[in-house]
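Throughout, protein chains are lettered first and strands after them, A, B, ... in sequence-line order, and every chain is numbered starting at 1.
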2 protein chains.
Amino acid sequence: MANRRRPVTLRAIADQLGLDVSTVSRVLNGAAGDRARAASGATAQRIRDLATELGYRPNPHATSLRTQRSNLIGVLVPRLSDLVLATIYEGIEEAASQHGLSTFVTNTRDEPDKQRDRTEMMLARRVDGLIFGDAHADAVLLDELAAQGVRFVLVSRWAGSHPSVTCDDYQGGRLAAEHLLDRGHERVAVIAGEPHASTGLDRTAGFVDRYREAGVPLPEHRVVRSRFDTAGGRQAAELLLDQAERPSAIFAVNDFAAIGAAGAARDHGLRLGEDLALVGFNDTPLAAELPIPLTSVRSPMREMGRRAVDLLARVLAGQRVESERLTPTLVARASTLGSTGAGDSHDDDGGGNAG
Amino acid sequence: MANRRRPVTLRAIADQLGLDVSTVSRVLNGAAGDRARAASGATAQRIRDLATELGYRPNPHATSLRTQRSNLIGVLVPRLSDLVLATIYEGIEEAASQHGLSTFVTNTRDEPDKQRDRTEMMLARRVDGLIFGDAHADAVLLDELAAQGVRFVLVSRWAGSHPSVTCDDYQGGRLAAEHLLDRGHERVAVIAGEPHASTGLDRTAGFVDRYREAGVPLPEHRVVRSRFDTAGGRQAAELLLDQAERPSAIFAVNDFAAIGAAGAARDHGLRLGEDLALVGFNDTPLAAELPIPLTSVRSPMREMGRRAVDLLARVLAGQRVESERLTPTLVARASTLGSTGAGDSHDDDGGGNAG
DNA sequence: CTGAAAGCGCTTACAG
DNA sequence: CTGAAAGCGCTTACAG
């Protein structure tokens with residue numbers, strides 16, 4: 001509990017070497033180009049050596065104040081306890097640190113008031129830009145911010161024409177449909193997620209469209225809204241399984257909703273993969289490890305996070321950018337193949353817990 | 001894409017009102033006590049009105065530079081994609097914002113090199129203090145930091161005598177044992193987690209001690225190390241279920257490990273709650289929603305996060321503090337009660353997903 | 001190649 | 001009750 005670790009300043013180095021602080025600054029923190037002409041080779045070396053010895057780290061508050069650039073970005077997500085967003089954030093953190101950016105991340109619970117409030121906090125903290133993982137389809141807040149010149153990108157969900165990095169959810173929905181069509185399912189249903197999120201909307205649309213194209217249009221009552229979590233999936237599945245003509249297969253737009261649906265199926269005495277086929281979305285690490293492994297459409301979550309940072313970095317550099325849409329793949333498992341089917345494949349995005 | 005939203009400064013307000021910037025500062029940002037004697041009532045009011053109108057927000061970099069206090073705290077966790085840590089972080093964020101603190105959070109994957117590296121980054125960012133959710137039992141890094149005068153607290157896991165907020169994991173392990181003893185299980189096993197984390201160690205110790213006290217000591221081969229995730233739990237369970245004398249009940253020190261164990265049980269043709277009892281830990285929202293609901297020891301995750309911030313705030317205020325240990329409760333469900341048993345109870349900590 | 005000066009936006013004794 | 005000054009630790013033209 002002794003030395004409160006008083007940080008080393010440029011001045012300390014300059015004084016010790018009998019140089020001016022500006023010279024030291026140029027050598028240590030100057031732009032790559034400047035740095036060469038910052039001082040004689042010998043002087044530069046003495047500066048660098050001493051800096052290393054003393055453990056010099058520039059004071060970011062001073063730098064930010066002077067340069068009007070904080071190298072801070074704000075990340076807003078519905079909730080970090082959603083594995084999907086947590087994984088996306090891991091990608092964001094990785095890439096941010098490569099770009100020399102630090103991140104603030106905050107939960108908004110998908111509530112407009114909180115989104116607005118937390119955005120203000122971030123701006124008050126003088127972030128250079130924002131990444132929204134909680135964009136609402138109406139884009140009200142986002143349009144306002146853009147009009148004010150706030151720089152941001154979206155991840156996971158798109159809205160309006162704001163730059164975004166998403167999974168091609170529509171295509172993902174089609175993949176799920178394709179797979180179930182292949183397995184001969186004609187009476188199918190969708191647990192569709194929340195209507196303010198492009199993810200659920202697009203996945204549902206892709207699925208419904210593909211079935212329509214196959215000549216098997218889905219009646220409206222077999223597309224049910226739901227929250228994205230397990231409890232939401234369970235409720236939606238109850239509704240579907242209580243219907244007179246029970247579906248033989250369900251597509252849930254989220255793995256957690258799918259797990260909830262699996263619970264409901266069990267309550268109805270249905271065996272997954274035998275009496276009821278089930279497809280989830282995102283291929284979270286849990287999907288493969290469930291008692292009855294879950295067929296799921298894999299989305300590149302971590303990669304989305306990384307690319308969102310890259311995109312934002314380009315926005316901050318004043319470049320004009322284009323949205324990106326990453327390709328999903330379907331991973332077939334027992335929940336659609338029956339107890340015999342193994343059929344795992346692919347690998348890509350890692351995951352796992354530790355606590 | 002127009003006005004880059006140039007923030008309002010004290011100077012802008014002062015000039016517009018014909019006052020000195022120091023007067024404005026005292027009124028707007030002065031300590032609660034000072035603020036009263038900062039200016040005449042009338043002047044103060046004019047200042048406040050204009051500040052509101054212009055949307056003044058103090059530049060935190062300037063404030064930090066001047067006061068040598070950043071109001072920033074760093075949070076290190078093994079991984080945010082671990083629901084337990086993500087939930088703890090939600091509590092941290094809530095409390096931090098109440099204390100006027102902003103948080104940086106980063107994943108260390110429980111790797112010592114990363115822990116060290118990320119700690120340095122945080123310190124370079126000039127955080128006022130740190131919360132470690134990834135403390136290793138050996139406390140090597142933590143001892144060093146404490147010696148340097150770095151201020152921090154631990155959450156979820158304790159180490160050495162550093163201030164911490166944890167669940168009473170030992171007691172939690174005893175609860176699990178008690179419950180299985182009540183149900184008549186004598187041949188039991190533990191999926192014990194990783195040996196560097198106090199959580200797994202204490203939960204295991206409590207369980208083992210309680211069984212020993214009941215006159216039923218556990219042989220060593222029925223306590224198996226594991227990672228904290230689903231795949232780890234599955235592997236550990238395979239080992240246990242392949243043993244000649246198969247256990248009738250398993251205590252997994254983590255819900256995710258328990259879910260993995262449930263998968264292994266199924267592969268062995270065992271029905272959960274009938275042929276094999278299973279108890280998890282943390283009572284994550286998933287536990288209640290699984291096809292076969294999981295008995296689990298509930299730990300107050302969000303509350304731990306909140307209290308860790310309160311504790312750190314006291315440390316930063318120079319107060320002497322004591323570690324806190326919060327009480328766990330057991331929630332019994334079908335995985336130990338058989339398919340008949342419902343027996344849910346309690347409510348406390350919320351949760352849920354959204355993506 | 002190096003130094004001196006100004007200034008980013010704040011806070012805080014110190015005067016008056 | 002209010003103002004003037006100094007300074008937190010940097011960066012960046014501008015001289016020389």
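Residue B/Ser22 has no polar side-chain atom (N or O) positioned under 4.0 Å from OP1 or OP2 of D/dA4. Dashed line: the shortest gap from a side-chain N or O of A/Tyr56 to OP1 or OP2 of D/dG9 is not under 4.0 Å.
A salt bridge between B/Arg157 and B/Asp110 is present, with a side-chain N of the basic residue lying under 4.0 Å from a carboxylate O of the acidic one. Remark: B/Arg11 engages B/Asp15 in a salt bridge, criterion side-chain N to carboxylate O under 4.0 Å. Using a 4.0 Å cut-off between charged nitrogen and carboxylate oxygen, A/Asp128 and A/Arg69 count as a salt-bridge pair. Under 4.0 Å is where a charged nitrogen must lie from a carboxylate oxygen, and between A/Glu324 and A/Arg314 at least one such pair does.
Using cut-offs of 30° and 60° on the angle between ring planes, the pair B/His196 and B/His136 is parallel.
Nearest approach of B/Gly133 to B/Leu85, heavy atoms of both residues: O-CD1, 4.1 Å. Heavy-atom minimum distance, A/Thr166 versus A/Trp158: CG2-N, 3.8 Å. Nearest heavy atoms, B/Leu83 versus A/Ser81: CD1-O, 3.1 Å.
Atom pair A/Arg125:CZ and C/dG9:P shows a separation of 17 Å (rounding to whole Å applied). A/Arg57 has its CZ atom 16 Å from the C1' atom of D/dC10, to the nearest Å. When rounded to the nearest whole Å, the span between NE2 of A/His61 and C1' of D/dT11 equals 17 Å. A/Leu10 has its CG atom 16 Å from the P atom of C/dA4, to the nearest Å. A straight line from CG of B/Asp20 to P of D/dT2 spans 11 Å, rounded to a whole angstrom. Between A/Asn59 atom CG and C/dG9 atom P there is a gap of 16 Å when expressed in whole angstrom units. As rounded to whole Å, 12 Å separates atom C1' of C/dG3 from atom CZ of A/Arg11. Atom pair A/Leu28:CG and D/dT12:C1' shows a separation of 16 Å (rounding to whole Å applied).
Checked by atom type, the side-chain pair B/Ser102/A/Arg125 shows a donor-acceptor distance below 3.5 Å. No hydrogens or angles considered: nothing links the side chains of B/Arg118 and B/Thr108 as a donor-acceptor pair under 3.5 Å.
In this structure, the side chain of A/Arg126 engages the main chain of A/Ala124 through a donor-acceptor pair within 3.5 Å. Within the 3.5 Å criterion, the main-chain N or O of A/Leu154 finds no donor-acceptor partner in the side chain of A/Ser164.
The nucleotide whose nearest atom lies closest to any side-chain atom of B/Thr23 is, among D/dT2, C/dG3, C/dC10, D/dT2. Here the nucleotide nearest the side chain of A/Asn29, chosen from D/dG3, D/dT12, D/dC10, is D/dC10.
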| request: Give the dot-bracket string for DNA chain D, reading 5' to 3', where a pair is Watson-Crick or G-U wobble with both distances under 3.5 Å, ( ) marks pairs inside the strand, [ ] marks pairs crossing earlier ones, | marks a partner on another strand, and . marks unpaired. | output: |||.||||||||.|||
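Residue whose closest nucleotide on DNA chain D sits further toward the 5' end, between B/Leu19 and B/Arg126: B/Leu19.
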Pick out the pairs of N or O atoms, protein on one side and nucleotides 14-16 of chain D on the other, that lie under 3.5 Å.
none

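Non-hydrogen atoms lying under 4.0 Å from DNA chain D are contributed by A/Ala62, A/Thr63, A/Arg66, A/Thr67, all within residues 62-74 of chain A.
Looking at heavy-atom distances under 4.0 Å, B/Thr9 makes contact with sugar-phosphate atoms alone, never a base.
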